[in-house]
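One-based numbering along the sequence shown. Source: prediction; values computed, not measured.
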Amino acid sequence: MDGTDQMTDLSRLGHREALRPRKGDEPHWQRLRPGCFLGYRPAMAGGAGNWLVRVYEPEKRKYVRKTLGSYPTSARNEVFALAKKDAEVWAAEVECGGAMPSDIVTVKDACEAYLKFKPGAIAAGVFRRHVYDDPIASQKLDKLRRHHLEAWRARLEAAPALLSRSKKGPAVTKVRAPSTINRDMVPLRAALNRVLPHRRPNSDAAWHEALQPIQGADSRRTTYLNREEREMLINAMPEAAGRFFKAMCVLPLRPGPVASLNTGDFEPRTRTLMVLKDKGKPKRQITVPPSISDYLAEQIEGKRPDEAIFTRSDGARWTKDKWKHPIKDAASMLGFSREITAYTLRHSTITDLVIAGVPLMIIAQISGTSVAMIEKHYAHLIRKVAEDALDGLVF
């Protein structure tokens with residue numbers, strides 16, 4: 001037992017004054033929230049007792065305590081509220097690794113500190129586009145309230161999403177999708193969570209609720225192209241684009257990792273491909289069949305190990321602003337859905353693997369996602385595979 005009494009209510013003066021000292025001078029504990037307890041140790045000879053706080057410290061993987069005192073100058077009916085507030089403030093400091101550094105004062109400071117702690121191009125881009133030039137940047141953390149984040153979120157949702165960041169010609173935009181809003185809120189939420197723990201008292205308790213993701217925004221992709229349609233799409237593209245997108249038709253990779261592949265990442269003798277860059281995930285090795293190995297071997301012929309396997313016609317690497325147009329143009333030429341994107345090819349290849357009954361663990365490993373995500377987006381196909389398997393048992 002940890003000494004916590006589920007029936008203890010230290011907020012009730014009569015209940016508190018009826019408590020007796022425990023063996024070993026152990027306080028009576030009341031749970032404030034997971035990992036945080038307020039304690040009261042009655043005086044041996046009557047009078048004002050002492051208050052304590054017990055908090056779980058993640059880095060040390062154990063509980064730590066602090067004595068708060070007896071609050072001798074405060075009215076008896078006010079002591080609990082004071083002790084509770086002090087306990088929660090100290091708990092917040094413990095949970096964020098100690099007192100907040102003096103140089104982290106504003107939201108912008110928190111974002112910059114987060115990038116030092118966890119560098120990343122995606123977070124840096126979001127901060128640059130949506131935080132640093134926004135009024136929220138200069139907002140002091142100790143005065144940050146829910147309405148500040150709600151106003152920032154409203155501005156984010158109203159901002160058009162760029163379809164092209166090319167410096168040539170006018171910017172092409174569209175209405176920001178719920179899934180895009182969710183992704184753009186993640187870095188700021190992470191930066192604030194690092195310095196403002198969940199429900200910190202002096203940060204309005206519910207500030208984090210303003211940044212909660214939109215439910216159902218990441219619905220599963222429904223546009224699917226079968227093998228014949230994918231081949232038609234590739235054949236309708238310029239040669240360099242066709243080579244790039246064919247890789248996505250034979251391997252369920254995201255377009256970014258395909259663009260990042262270097263000649264040295266593929267070893268023809270062992271038919272192994274190293275995927276080094278993929279949405280912040282650990283590097284992984286994929287063993288490919290001879291048919292795909294032969295295709296990759298053709299692409300790396302005569303290239304240095306540090307050269308890209310797939311390049312544009314001018315020899316440069318593919319980027320998001322460059323790969324979106326060839327697939328849109330080819331889909332339009334063939335009269336296919338306007339919703340087709342590079343991710344349609346990834347979705348289609350994963351769909352084929354699921355229908356073929358490939359174990360989800362293997363699909364997840366090859367595609368660089370989790371089994372949970374495969375189950376979430378392809379559950380309807382998994383059920384069909386299971387039905388067919390069961391049907392095969394009938395005699």
Side-chain angles (χ1 to χ4, degrees), residues 31-36 55-56 58 81 84-162 173-219 279-280 373 376:
R31 182 176 183 265
L32 299 181
R33 58 176 172 79
C36 179
V55 181
Y56 184 75
K84 180 175 181 290
K85 180 179 179 180
D86 289 344
E88 290 176 327
V89 169
W90 188 71
E93 293 179 353
V94 169
E95 291 166 344
C96 70
M100 189 185 302
S102 59
D103 59 341
I104 301 181
V105 178
T106 65
V107 170
K108 182 178 180 180
D109 295 335
C111 294
E112 292 175 339
Y114 178 77
L115 288 177
K116 291 180 181 178
F117 168 73
K118 190 175 182 180
I122 294 177
V126 170
F127 295 153
R128 184 178 63 255
R129 292 189 298 273
H130 303 298
V131 177
Y132 294 158
D133 292 331
D134 187 272
I136 196 71
S138 58
Q139 179 61 50
K140 292 186 177 181
L141 293 168
D142 61 353
K143 302 295 184 182
L144 185 65
R145 297 294 183 267
R146 176 174 180 164
H147 67 86
H148 296 129
L149 276 304
E150 288 177 337
W152 174 82
R153 177 172 180 158
R155 291 190 291 272
L156 174 69
E157 294 178 352
L162 284 173
T173 63
K174 67 174 183 177
V175 176
R176 190 171 297 273
S179 58
T180 304
I181 295 169
N182 284 350
R183 285 193 296 271
D184 286 343
M185 288 193 297
V186 168
L188 181 58
R189 190 165 61 236
L192 295 178
N193 268 329
R194 187 166 177 266
V195 294
L196 295 177
H198 189 69
R199 295 189 179 278
R200 185 170 183 169
N202 64 355
S203 61
D204 198 26
W207 69 265
H208 59 283
E209 293 176 4
L211 300 182
Q212 289 299 304
I214 300 171
Q215 297 298 314
D218 298 314
S219 58
K279 212 174 181 179
M373 289 302 292
K376 176 181 177 181

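- Using a distance-only test at 3.5 Å, with no hydrogens or angles considered, no donor-acceptor pair links the side chain of R189 to the main chain of Q212.
- Rounded to the nearest 0.5 Å, atoms CG (L211) and CD (E150) are 9.5 Å apart.
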### Task
Verify side chain to side chain contact (heavy atoms under 4.5 Å, CB included) between R153 and L149, making sure each step is shown before the conclusion.
CA-CA 6 Å; R153 177 172 180 158; L149 276 304; over 6 Å; no
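- For the residue pair L188 and F127, the shortest heavy atom distance occurs at N-CE2, 3.7 Å.
- Across all non-hydrogen atoms, the minimal contact from A110 to A191 is O-CB, 3.9 Å.
- Closest heavy-atom contact between Y132 and A137: O-CB, 3.7 Å.
- Under the side chain to side chain contact (heavy atoms under 4.5 Å, CB included) criterion, I122 pairs with no residue, sequence neighbours left out.
- Minimum interatomic distance between R146 and A210 (heavy atoms only, all atoms of both residues): O-CB, 3.9 Å.
- By the 4.5 Å heavy-atom criterion applied to side chains, P178 and E157 are not counted as neighbours.
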### Query
When you look at W152 and M185, which way does the side chain to side chain contact (heavy atoms under 4.5 Å, CB included) test go after all the steps?
CA-CA 10 Å; W152 174 82; M185 288 193 297; 4.0 Å; yes
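- Looking only at distances, no side-chain donor or acceptor of D134 sits under 3.5 Å from a matching main-chain atom of V131.
- For the side chain to side chain contact (heavy atoms under 4.5 Å, CB included) test, residues two or more places apart in sequence or in another chain that qualify with D184 are V126, H130, L156, R176, T180.
- Using a cutoff of 4.0 Å between basic side-chain nitrogens and carboxylate oxygens, E112 and K116 are not scored as salt-bridged.
- With hydrogens and angles ignored, the 3.5 Å screen pairs no side-chain donor or acceptor of R33 with any backbone N or O of E88.
- What you find for L32 and A87 is that their closest heavy atoms are CD1-CB, 4.2 Å.
- Looking at V107 and L144, their side chains come closer than 4.5 Å, going by heavy atoms from C-beta outward.
- Taking both residues in full, the closest heavy atoms of L115 and G120 are given as CD2-O, 4.0 Å, listed atom of the first, atom of the second, then distance.
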